[in-house]
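Here is the structure we will look at, set down as structure tokens.
Letters go in sequence order (proteins before strands), and every chain restarts at 1. Given the structure is predicted, the values throughout are model-derived calculations rather than measurements.
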Amino acid sequence: MNNILDNLNNSQKDAVLYNSGPSLVIAGAGSGKTRVLTYKIAGLLQEGLPPWSILALTFTNKAAREMKERIATLVDPESARRLWMGTFHSLFFRILRAETEAIGFPGGFTIYDTSDSKSLLKTIIKEMGLDDKIYKVNAVYSRISGAKNDLISPEAYASNGDRIKQDILCKRPLIKEIYLRYVNRCRLASAMDFDDLLFQTNVLFRDHPDILAKYQNLFRFILVDEYQDTNFSQYLIVKKLADNHHRICVVGDDSQSIYSFRGANIENILNFKNTYPEGKLFKLEQNYRSTQTIVNAANSLISKNKSQIPKKVFSEKEMGNRIKVLTAYSDLEEGFMVANKINEIRLSVFDSFNDFVILYRTNAQSRIFEEALRKRNLPYRVYGGLSFYQRKEIKDVIAYLRLSLNEDDEEAFKRVVNYPTRGIGETTMQKIIHAASEHHISLWKVLQTPAEYGVQINSGTAKKLEGFRLFIESIHQQVGAKNVYELTGQLLIDSGIQHELNADQSPENMSRKENIQELLGGMHEFVASRIEEGNDAVFLTDYLQEVSLLTDQDESKNEQGERITLMTIHAAKGLEFKNVFIAGLEEDIFPSAHSLESDRQLEEERRLLYVAITRAESVCVLSYAKSRFRNGQNNFTRPSRFLKDLDPHLLDYPTEAATSHSNDTSSFERESSLYWKSKNRFAEKSSSISDYRENRFKTSAWKESPAPSPRTMQAGSPVSATGKPLKRLSKPSTNTPATNANEAFASNTTGLKADSVILHERFGQGRVKSIEGVGDNAKIEVEFENSGYRKLLLKFARFTIIE
DNA sequence: GACGACGACCTTTTT
DNA sequence: GGTCGTCGTC
């Protein structure tokens, strides 16, 4: 242990060695938090605490896995393996499954993922005859999830004045009723959603003091990572478990709290002292990850937030380069600029592709970077988005497995009852669903004896239902005898899925087959590794648990070779990269339009950028575009307000701006106005916002007329430095939009010749290499500064000649 | 009951 | 740009 301690600085050492009471470790970004946690656990093990008496809660499975690996090398693999280390959801799933009798799920239960939950809510909203325009599934889901995370049952919800008042204000007074029905339906289906795993753990501990005592005695030391992102439900579980011995250590950073949308409550970390008055506070303030410039820039940003625990994060590494800001004309060009910059850095310092990450606020932004990287032949890997296990074909197979294990699983039932098609359509299903809710039983029970529950069907349909029932039962019977891999292989054949996918050679089918093959491969690996570890019995539940509680980060399929990483900032939490690109620093994206209602949310967005910047070791690049294609329209954007929050001395704006350093306007405004003064010939004069609105309005009206797509027309509008569009050369009228639009946006090509420099609407600035053809067929070849060589049809190209 | 065409709505972020 | 749900036709 002594030599281990040599690797720690004094504050880390203090935090590691204090084990006699509760402690809060405020760990600034890059301050060696994981190191403290692993060394602390290693120390506890060396003190003689058995590994199974240590409960270590992490934010992702990946974090747990990595920490276990480090402990395995520090102490020994066997101890590492026996630690109770994992996410809240996976560990308490384990406990709930061991206590199924006590929680009233005697036959076990399955886990509903978010899409199952939403699908059930949709069904309930429909059944209640409510307007799904008002009772939007997402809104209802988040209300219910929020209630569960605050440990409010449907009954408590109905008598909770505040919540009811809010619902009435939002014109959704019946959420309480939906909530109640939802909970009942989940129970009928023997299903728990993500929030239930925590909620039911609380119920278990509340109603069964003996069981609580058992786990209180088992867990002699408790550690919680990312404590700033725990919710009330999690807080209470931890508090109860630690109640007797108070041997608890929570680690976190209030500046990195970014999950309030999921119920995370920053108060948990801020109020730690109230929960444990004798608790000790440790602060890790030295950042070992990033250059001074990056740390200072991040500090300058976060200092704009009001509520935070005072701390001063510092770095003693080199100053490093300033943070570069890239300004693009369009989202498309932003992609090219980032790709080019990556190339440039790689060529000058020979970094591996693994040293690069592109971070964005929303998953939808990934596409544009994927395209740009593909065109440059740069290898990349995208995390998140539509995950593997969310694909239709995968969900279908999993649904069969779920149903065969828990036949009451309503969502799984609905998913596969008619896939592949076996003639059980909507009408029959409606009858079954109706009968089920009438008699308060599961769909499966109705299926067993439809007539008994008054389901009126003809004999043909009855036969088909019977066939489905027998099929599911036959898989059910094989569950004990076959492992997941074998079972699924059989299932694919017997269900007819195999046959269906072999029916034609369409590309969709080919890719589905590939995915299913991959799924089988994963199952094989799962089974093999369990057997390797000495588990001779590999349960289907274990497999299903694992796939439903996987996190995005866990999906890294260790693809060989170096790759640039693309992910949301949320997914990047806890990671670090030598070179970090943060894209889309625009109003309404970052900060998100949804965050503008309250300071609290805006501060969370700011913390999110703080998290993003502090992922960087040596290079951090910010980028934004002046126009962006979103929701089927090209819109003008304004640079993010956060750019102004960053210390301007630490930023490096494009060269145009470098020449002018006069007044107090922020750099990007300087840069933009200069740019537009010198180069923009799109417009004669600038227009007001009301003109802009008018144009937008007209555009949507145009949608009803046959001709050009809104994208084409919107894309033609020139934009001013502030993001306001400039007046068009000719005003479009609403009657004959096509003609006017074409007139308005046709580029003026007078004087265009080889070697002309043009400013293209989407590709930015470039030099004309050649012109070929005449009239409508004329093409130009252009070398763009950031977008490379392109051939453009003169007729459609949108650009201005600069020189 | 199956399937294709069209339109509405969409986007935060995730266990 | 893409998904999901609805509607109309076979």
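Using a 4.0 Å heavy-atom criterion, one finds that S548(A) contacts no nucleic acid atom at all. At a threshold of 4.0 angstrom between heavy atoms, the contacts of N138(A) are confined to the sugar-phosphate backbone, with no base atom among them. Residue contacts for K464(A): at a heavy-atom cut-off of 4.0 Å it reaches no nucleic acid atom on any strand shown. Nucleic acid contact for S595(A): none, since no nucleic acid atom lies under 4.0 Å from a heavy atom of the residue. Note on K122(A): only backbone sugar-phosphate atoms sit closer than 4.0 angstrom, heavy atoms only; bases stay farther off. Within the nucleic acid shown, S90(A) has no heavy atom closer than 4.0 Å to any nucleic acid atom. Among the atoms of the strands shown, none is found under 4.0 Å from any heavy atom of R630(A). As judged by a 4.0 angstrom heavy-atom cut-off over every strand, F88(A) is placed among residues making no nucleic acid contact.
Considering only side-chain atoms of T421(A), the nucleotide from dC10(B), dA2(B), dT6(C) that sits closest is dA2(B). Comparing dA2(B), dT11(B), dG1(C) against the side chain of A364(A) picks out dT11(B) as the nearest. Relative to the side chain of F194(A), the nucleotides dT11(B), dT15(B), dG1(B) differ in distance, and dT15(B) lies closest. Closest to the side chain of N418(A), from the set dT13(B), dA2(B), dT15(B), is dA2(B). The side chain of A571(A) lies closest to dT14(B), out of dT11(B), dT14(B), dG1(B). When distances run from any side-chain atom of T362(A) to the nucleotides dG1(C), dT15(B), dT13(B), the shortest one goes to dT13(B). Closest to the side chain of T568(A), out of dT14(B), dG1(B), dC3(B), is dT14(B). When distances run from any side-chain atom of K133(A) to the nucleotides dT6(C), dC9(B), dG1(B), the shortest one goes to dC9(B).
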- Step by step, work out the salt bridge (charged side-chain N to carboxylate O under 4.0 Å, His left out) result for K392(A) and D396(A). CA-CA 6 Å; K392(A) 183 191 175 302; D396(A) 289 336; 2.6 Å; yes
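Relative to the six-membered ring of Y141(A), K118(A) meets both conditions, a distance below 6.0 Å and an angle of at most 45° to the axis. Taking the ring centre of F636(A) as origin, the terminal cationic atom of K626(A) falls outside the region bounded by 6.0 Å and 45° from the ring axis. Annotation: cation-pi geometry not satisfied between R607(A) and Y610(A) (NZ/CZ under 6.0 angstrom from ring centroid, within 45° of ring axis).
F261(A) qualifies as a stacking partner of the dT13(B) base, centre to centre under 5.5 Å and near-parallel within 30°.
Computed from coordinates, the L566(A) CG to dT13(B) P distance equals 15 Å when rounded to whole Å. Rounded to an integer number of Å, the gap from Y141(A) OH to dC10(B) C1' is 19 Å. Rounded to a whole Å, the NZ atom of K392(A) is 14 Å from the C1' atom of dC4(C). Taking atom CG of residue D331(A) and atom P of nucleotide dT11(B), one finds them 19 Å apart after rounding to whole Å. Between R391(A) atom CZ and dG2(C) atom C1' the separation is 15 Å, expressed in whole Å. At whole-Å resolution of the value, CD in Q365(A) and C1' in dT13(B) are 11 Å apart. Counting to the nearest Å, the P atom of dT13(B) and the CG atom of D229(A) are 16 Å from each other. Rounding to whole angstrom units, CD of residue E500(A) and P of dC3(B) are separated by 8 Å.
In terms of phosphate contacts, T114(A) brings no side-chain nitrogen or oxygen within less than 4.0 Å of OP1 or OP2 of dT14(B). Taking only side-chain nitrogens and oxygens, N363(A) comes nearer than 4.0 Å to OP1 or OP2 of dT14(B). Under 4.0 angstrom from either OP1 or OP2 of dT14(B) there lies no side-chain N or O belonging to K573(A).
Taking atom P on both nucleotides, dT13(B) is separated from dC4(C) by 15 Å, rounded to a whole Å.
Between S233(A) and F199(A), the closest heavy-atom pair is OG-N, 3.9 Å.
Of the two residues near DNA chain B, T427(A) and S592(A), the one whose nearest nucleotide lies more 5' is T427(A). Nearest-nucleotide positions on DNA chain B for L608(A) and R422(A) put R422(A) closer to the 5' end.
The shortest distance between side-chain heavy atoms of S257(A) and E226(A) does not fall below 4.5 Å.
The CZ atom of R630(A) lies 8.0 Å from the CD atom of E586(A); values are rounded to the nearest 0.5 Å.
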